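Worksheet: one structure, shown below.
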Amino acid sequence: MREKLTVIKVGGKIVEEEATLHKLLDDFAAIEGYKVLVHGGGRSATKLATQLGIESQMVNGRRITDAETLKVVTMVYGGLVNKNIVAGLQARGVNALGLTGADMDVIRSAKRPVKDVDYGFVGDVKQVNAEFLGDLIHKGVVPVMAPLTHDGAGNLLNTNADTIAGETAKALATLFDVTLVFCFEKKGVLRDENDDDSVIPQLTPAEFKQYVAEGVIQGGMIPKLENSFEALNAGVGEVVITLASAINESSGTRIKK
Ligand SMILES: Nc1ncnc2c1ncn2[C@@H]1O[C@H](COP(=O)(O)OP(=O)(O)O)[C@@H](O)[C@H]1O
Ligand SMILES: CC(=O)N[C@@H](CCC(=O)OP(=O)(O)O)C(=O)O
């Protein structure tokens with residue numbers, strides 16, 4: 001039987017607030033066995049950009065990333081957010097190593113081609129170095145991945161953190177029995193976004209399509225679920241979407257093939 005590995009993705013609303021981040025790090029530190037943490041930080045990037053007089057624009061859940069915005073996201077994701085998390089995990093006895101996709105060529109991407117929209121310096125993942133990550137993990141290191149990748153020609157590229165989580169989980173599924181958990185500020189995928197207790201316990205692709213058509217599932221939840229189905233189809237054992245403070249409970253929405 002293959003060894004188990006948990007990949008946790010934590011979004012910007014949780015990492016932005018000290019209290020919710022600390023609780024998440026406590027819970028993450030308590031997860032037994034091999035694990036990887038993937039973080040976002042979109043809200044912190046938007047805040048700093050505003051303070052610097054740079055306007056933020058999102059299209060289909062992705063940030064339009066011009067040269068100035070790329071500097072901001074590199075500072076925020078690769079610097080502040082990543083290093084705060086790494087230090088917080090070290091304080092909890094977790095031997096964390098912060099990585100962007102450029103470090104040890106962990107995630108190579110290609111600049112998103114311009115079609116209807118020019119996203120600028122946004123990368124689509126092409127290759128994840130699962131072998132290197134696997135070696136680190138087997139040595140007892142806990143990778144903490146920032147949502148930045150590189151193209152191999154010297155350019156850093158901004159990449160959606162849910163995509164980083166999905167692609168990393170897929171690549172590591174060649175080596176481990178992977179559970180992927182997307183955690184955020186709600187209890188799961190909700191039937192009614194205003195009713196916290198309307199969690200959909202299981203979700204199939206057909207139900208997903210139906211909910212999108214009805215407007216029940218929208219915005220950032222659409223790419224999150226697309227990444228979830230893709231991960232399951234590519235060998236990830238289990239995908240769950242749940243409340244950040246409940247990553248060690250069996251609640252939330254379980255994604256089905
Ligand atoms: N049916 C739904 N249930 C829960 N959240 C939903 C739903 N439809 C849309 N959302 C939105 O999706 C958001 C999560 O996606 P996103 O903003 O990308 O999160 P993250 O910060 O975790 O990356 C939630 O904050 C919520 O506003
Ligand atoms: C290309 C792109 O959109 N990148 C994202 C990366 C951060 C992210 O995904 O953060 P959350 O998980 O907090 O949303 C962005 O800059 O917002």
Side-chain angles (χ1 to χ4, degrees), residues 8-17 20-21 24 37-49 54 56-66 68-78 80-82 85 100-101 107 109-112 117-125 145-149 156-168 180-201 203 207-208 210-228 240-244 247 252-253 255:
I8 301 279
K9 189 274 168 166
V10 58
K13 291 192 190 98
I14 304 299
V15 301
E16 189 188 31
E17 302 272 343
T20 54
L21 177 62
L24 186 270
L37 184 60
V38 178
H39 65 81
R43 281 166 73 104
S44 307
T46 299
K47 244 189 202 165
L48 180 61
I54 299 166
S56 298
Q57 199 190 343
M58 306 292 293
V59 177
N60 300 323
R62 287 183 168 82
R63 186 178 307 266
I64 306 281
T65 307
D66 63 10
E68 290 306 302
T69 304
L70 181 66
K71 290 180 192 167
V72 174
V73 299
T74 303
M75 289 190 280
V76 172
Y77 307 153
L80 193 63
V81 174
N82 189 270
I85 291 176
T100 71
I107 307 183
S109 65
K111 194 165 178 281
R112 197 160 248 244
V117 183
D118 183 357
Y119 285 91
F121 295 101
V122 165
D124 290 330
V125 173
M145 321 262 299
L148 293 165
T149 55
L156 283 166
L157 295 168
N158 184 10
T159 301
N160 178 275
D162 290 344
T163 306
I164 299 273
E167 293 291 337
T168 301
L180 170 60
V181 181
F182 289 99
C183 70
F184 68 140
E185 74 287 356
K186 296 188 191 300
K187 286 186 181 170
V189 184
L190 305 175
R191 244 182 221 103
D192 171 2
E193 250 206 84
N194 300 314
D195 176 3
D196 243 2
D197 290 318
S198 65
V199 176
I200 301 166
L203 192 65
E207 289 162 345
F208 166 63
Q210 181 68 29
Y211 283 129
V212 171
E214 290 169 3
V216 167
I217 292 173
Q218 38 159 330
M221 189 49 74
I222 296 176
K224 205 185 285 300
L225 285 166
E226 286 169 347
N227 278 307
S228 302
V240 178
I241 299 185
T242 192
L243 191 65
I247 56 173
T253 303
I255 310 306

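Order of listing sets the numbers, starting from 1, for every ligand and every atom in it. Predicted model only: the values in this text are computed from it and were never measured.
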For [X] and [Y], work out which heavy atoms get closest and say how close.
X: Tyr77; Y: Gly42; answer: OH-CA, 3.6 Å
X: Cys183; Y: Ala244; answer: CB-CA, 3.6 Å
X: Asp196; Y: Leu190; answer: O-CD2, 3.8 Å
X: Lys111; Y: Gly120; answer: CE-O, 3.3 Å

Q) Is a side-chain N or O of Thr253 found less than 3.5 angstrom from the main chain of Ile200, in a donor-acceptor match? A)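 Here the side-chain-to-backbone pair exists.
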
Could you tell me, atom by atom, which parts of ligand 1 come under 4.0 Å of a heavy atom of [X]?
X: Gln218; value: 8 (N), 9 (C), 10 (N)
X: Lys186; value: 4 (C), 5 (N), 26 (C), 27 (O)
X: Lys13; value: 25 (O)

With backbone taken as N, CA, C and O and side chain as the heavy atoms from C-beta onward, which portion of [X] lies under 4.0 Å from ligand 1: side chain, backbone, both, or neither?
X: Arg43; answer: neither
X: Lys9; answer: side chain
X: Met221; answer: both

Q.
Judged on heavy-atom distance to atom 14 (O) of ligand 2, which of Gly123, Pro147, Gly42, Ser56 sits nearest?
A.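 It is Gly42 that holds the nearest heavy atom.
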
Q) Nearest to atom 17 (O) of ligand 2 by heavy atom, Lys13, Arg63, Glu16: which? A)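 Going through Lys13, Arg63, Glu16 one by one, Arg63 has the nearest heavy atom to atom 17 (O) of ligand 2.
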
Using a 4.0 Å cut-off to any heavy atom of [X], which atoms of ligand 2 qualify?
X: Gly40; result: 8 (C), 10 (O), 11 (P), 12 (O), 13 (O)
X: Gly11; result: 12 (O), 13 (O)
X: Gly12; result: 11 (P), 13 (O)
X: Ala161; result: 8 (C), 9 (O), 12 (O)

Tell me which protein heavy atom sits closest to [atom], plus the residue, atom name and distance to 0.1 Å.
atom: atom 14 (C) of ligand 1; result: Phe184 CD1, 3.8 Å
atom: atom 26 (C) of ligand 1; result: Glu193 OE1, 3.4 Å
atom: atom 4 (N) of ligand 2; result: Asn158 OD1, 3.0 Å
atom: atom 19 (O) of ligand 1; result: Lys224 NZ, 3.6 Å
atom: atom 4 (C) of ligand 1; result: Gly188 O, 3.6 Å
atom: atom 16 (P) of ligand 1; result: Gly220 CA, 4.0 Å
atom: atom 15 (C) of ligand 2; result: Tyr77 OH, 3.1 Å

(Q) Are any of the N/O atoms on Leu190, whether in the backbone or the side chain, positioned under 3.5 angstrom from an N/O atom of ligand 1? (A)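 Such a contact does occur with ligand 1.
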
Q.
Side chain or backbone, does Gly219 bring an N or O within less than 3.5 Å of an N or O on ligand 1?
A. no

Q.
I'd like to know whether Leu203 forms a side chain to side chain contact (heavy atoms under 4.5 Å, CB included) with Tyr211, so could you lay out the CA-CA distance, the side-chain angles of the two residues, the decisive distance to 0.1 Å, and finally the verdict.
A. CA-CA 10 Å; Leu203 192 65; Tyr211 283 129; 3.7 Å; yes

Hey, is [X] one of the residues with a heavy atom under 4.0 angstrom from ligand 1?
X: Ala161; value: no
X: Gly12; value: yes
X: Glu185; value: yes

Q) Passes side-chain hydrogen bond (donor to acceptor under 3.5 Å, both in side chains), Ser109 versus Thr159? Steps please. A) CA-CA 9 Å; Ser109 65; Thr159 301; 4.7 Å; no

Q) Which distance, rounded to the nearest 0.5 Å, do you find between the OG1 of Thr69 and the CD1 of Ile64? A)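 CD1 of Ile64 is found 9.5 Å from OG1 of Thr69.
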
**Q.** side chain to side chain contact (heavy atoms under 4.5 Å, CB included) partner of Tyr119, chosen from Val59, Thr65, Asn158, Asp124
**A.**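 Single side chain to side chain contact (heavy atoms under 4.5 Å, CB included) partner of Tyr119 among Val59, Thr65, Asn158, Asp124: Val59.
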
**Q.** Criterion side chain to side chain contact (heavy atoms under 4.5 Å, CB included) against Met145, the qualifying member of Val38, Asn82, Leu37
**A.** Val38

Considering only distance and modelled atom types, tabulate donor-acceptor pairs under 3.5 Å from the side chains of residues 214-227, sequence neighbours left out.
unit_1 : atom_1 : unit_2 : atom_2 : d
Glu214 : OE2    : Gln210 : NE2    : 2.8
Lys224 : NZ     : Asp162 : OD1    : 3.3
Lys224 : NZ     : Asp162 : OD2    : 3.1
Asn227 : ND2    : Pro223 : O      : 2.9

**Q.** Close approach, Gly41 and ligand 2, non-hydrogen under 4.0 angstrom
**A.** yes

Q. Is there a heavy atom of Lys9 sitting under 4.0 angstrom from any atom of ligand 2?
A. yes

Q: Please test Ile241 against Ser228 for side chain to side chain contact (heavy atoms under 4.5 Å, CB included), starting from the C-alpha separation and ending with a verdict.
A: CA-CA 9 Å; Ile241 299 185; Ser228 302; 4.1 Å; yes

Q. Any chance CG of Asn60 has more than 12 other-residue heavy atoms, nucleotides or ligands included, within less than 6.0 Å?
A.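 No.
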
Q: Could you please spell out the steps behind the salt bridge (charged side-chain N to carboxylate O under 4.0 Å, His left out) verdict for Glu16 and Lys13?
A: CA-CA 5 Å; Glu16 189 188 31; Lys13 291 192 190 98; over 6 Å; no

Q | Chi angles and distances behind the side chain to side chain contact (heavy atoms under 4.5 Å, CB included) call for Leu156, Val73 | A | CA-CA 10 Å; Leu156 283 166; Val73 299; over 6 Å; no

Q.
Evaluate Thr168 against Val125 for side chain to side chain contact (heavy atoms under 4.5 Å, CB included), listing each step before the verdict.
A. CA-CA 10 Å; Thr168 301; Val125 173; over 6 Å; no

Q. What part of Thr65 sits under 4.0 Å from ligand 2 if we count only heavy atoms: the side chain, the backbone, both or neither?
A.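 No part of Thr65 comes within reach of ligand 2.
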
